[in-house]
Number of protein chains: 2
Amino acid sequence: MERIVRKYRGKGFKLTPQRIAILKFLEGNTNHPTAEDIYTEIKKKYPTVSFATVYNTVQALRDRGELLEITIDPERKHFDPNPSAHHHIMCTGCGKIGDVFFDYSMSLGLPEEVTREFAVTGNHIDFYGICTSCREKTS
Amino acid sequence: MERIVRKYRGKGFKLTPQRIAILKFLEGNTNHPTAEDIYTEIKKKYPTVSFATVYNTVQALRDRGELLEITIDPERKHFDPNPSAHHHIMCTGCGKIGDVFFDYSMSLGLPEEVTREFAVTGNHIDFYGICTSCREKTS
DNA sequence: TACTATAATAGAATTATTCCAAGATAGTAA
DNA sequence: TTACTATCTTGGAATAATTCTATTATAGTA
């Protein structure tokens, strides 16, 4: 019995073959795939899968707090199956996204004029940079 | 002679009435408008203005480093005519976006496994919270 | 004043995402 | 094991944001 089936069975989350394939693809995936990346991958095994299924599934996972929607790339959304609080860095050359596991919360005090207006609930840091392979290409 | 005309004339930036209207609308605007917000406003005075003109103009401004594209709202892009390095906070109730003028760069050291792969060039922090008026509504 | 490079326009095209109705099926209760 | 039903999957249409294109207009300049 697979880990994924064990994790989701009987929790109000219907496990269909397509969903299992999506869950397997996402599990431990640190590539921050887009909806299209997921769709393309699942289509290999389930050629009739639709974007609706991909979006439905990531939405269900997001609602369960098991997946994050990432906005660092202005072009499209990326998804991160690691829901623990962390941050991201994107290569401005090739668009690759990496994780930044570091808790900055102690360092992010806000100016009084902001806390006067907002009750702060969270934060997320986008870092930008150039990755190793992009630096090699241009040097 | 208007300030805007003085600022842009003779700098390879063609000043048309529509552009002047957009520039005036953006100047000092801290509401982080969307393309549609800009379009709707300019349409009042220039009813034939098109979205293409709005997008062309904000792109030209972005390329000149005079405007930032903001990704804090997963639904759509917002624009910020203040290009100085600062951060943003969005109300998760009503979507209102506020500015956070504080330089956190000294606090944002990155783990070695990240700097090994990326030459970091910038950062931007998205804060989330609930604004005053949304708190009043739900209490 | 006239010329030319650039902008504005309408509308089509593209892309990302959501919605919908019909058929299929996983999970459950008997 | 069977049968039921709530939920999922699907294709395609719909929506929304953004970009592109060809044509016309015009700001800036010479």
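Chain letters run A, B, ... following the sequence lines, proteins first and then strands; every chain starts at 1. These values consider heavy atoms only, across backbone and side chains, with no hydrogens, waters or symmetry-generated copies.
Listed by chain and residue number, nothing satisfies the side chain to side chain donor-acceptor pair (under 3.5 Å) test with B/Thr48 (two or more places apart in sequence, or in another chain). Among residues two or more places apart in sequence or in another chain, the side chain to side chain contact (heavy atoms under 4.5 Å, CB included) test is passed with B/Ala60 by B/Phe13, B/Arg19. For the salt bridge (Lys or Arg N to Asp or Glu O under 4.0 Å) test, residues two or more places apart in sequence or in another chain that qualify with B/Glu112 are B/Arg116. Listed by chain and residue number, A/Met90, B/Glu69, B/Thr71, B/Lys77 satisfy the side chain to side chain contact (heavy atoms under 4.5 Å, CB included) test with A/Pro74 (two or more places apart in sequence, or in another chain). A/Asn29 pairs by the side chain to side chain donor-acceptor pair (under 3.5 Å) definition with nothing, not counting sequence neighbours.
Within the 3.5 Å criterion, the main-chain N or O of A/Thr53 finds a donor-acceptor partner in the side chain of A/Thr57.
One can place CD1 of B/Ile70 at 17 Å from P of D/dA17, the figure rounded to the nearest angstrom. The distance between atom CD of B/Glu75 and atom C1' of D/dA17, rounded to the nearest whole Å, is 11 Å. Distance CZ (A/Phe13) to P (C/dT25): 18 Å, rounded to an integer number of Å. Between the C1' atom of D/dT18 and the CZ atom of B/Arg76 lies a distance of 13 Å, rounded to the nearest Å. Atoms CG (B/Asp63) and P (D/dT19) sit 11 Å apart, rounded to a whole Å.
From one end of the helix from C/dT1-D/dA30 to C/dA30-D/dT1 to the other, with five pairs defining each end axis, the axis direction shifts by 30° (rounded to 10°).
Taking every heavy atom of residues 15-44 of chain B and every atom of DNA chain C, pairs under 4.0 Å involve B/Thr16, B/Gln18, B/Arg19, by number. Contacts of residues 45-60 of chain A with DNA chain C (heavy atom under 4.0 Å): A/Ala52, A/Tyr55, A/Gln59.
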Please write out each protein N/O paired with an N/O of nucleotides 1-5 of chain C under 3.5 Å, distance rounded to 0.1 Å.
none

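Side-chain atoms of A/Asp99 and A/His88 form a donor-acceptor pair, as typed in the model, at a separation below 3.5 Å.
Cluster partners of A/Val114 are A/Ile89, A/Val100, A/Phe102, A/Tyr104, A/Leu108, A/Leu110, A/Phe118, A/Val120, A/Ile125, A/Phe127, B/Ile89, B/Val100, B/Phe102, B/Tyr104, B/Leu108, B/Leu110, B/Val114, B/Phe118, B/Val120, B/Ile125, B/Phe127, counting Ile, Leu, Val, Met, Phe, Trp and Tyr whose side-chain heavy atoms approach within less than 4.5 Å, directly or via other members. The hydrophobic cluster of A/Phe101 has no other members, since no ILVMFWY side-chain heavy atom comes under 4.5 Å of it.
In B/Lys45, the NZ atom is not crowded: 12 or fewer heavy atoms of neighbouring residues, nucleotides or ligands sit closer than 6.0 Å.
Screening residues 22-33 of chain A for salt bridge (Lys or Arg N to Asp or Glu O under 4.0 Å) gives A/Glu2-A/Lys24, A/Arg3-A/Glu27 as the qualifying pairs, with residues at least two apart or on separate chains.
Side chains of B/Cys91 and B/Tyr128 form no contact here, defined as non-hydrogen atoms less than 4.5 Å apart.
Looking at B/Lys96 and A/Glu117, a side-chain N of the basic residue comes within less than 4.0 Å of a carboxylate O on the acidic one, giving a salt bridge.
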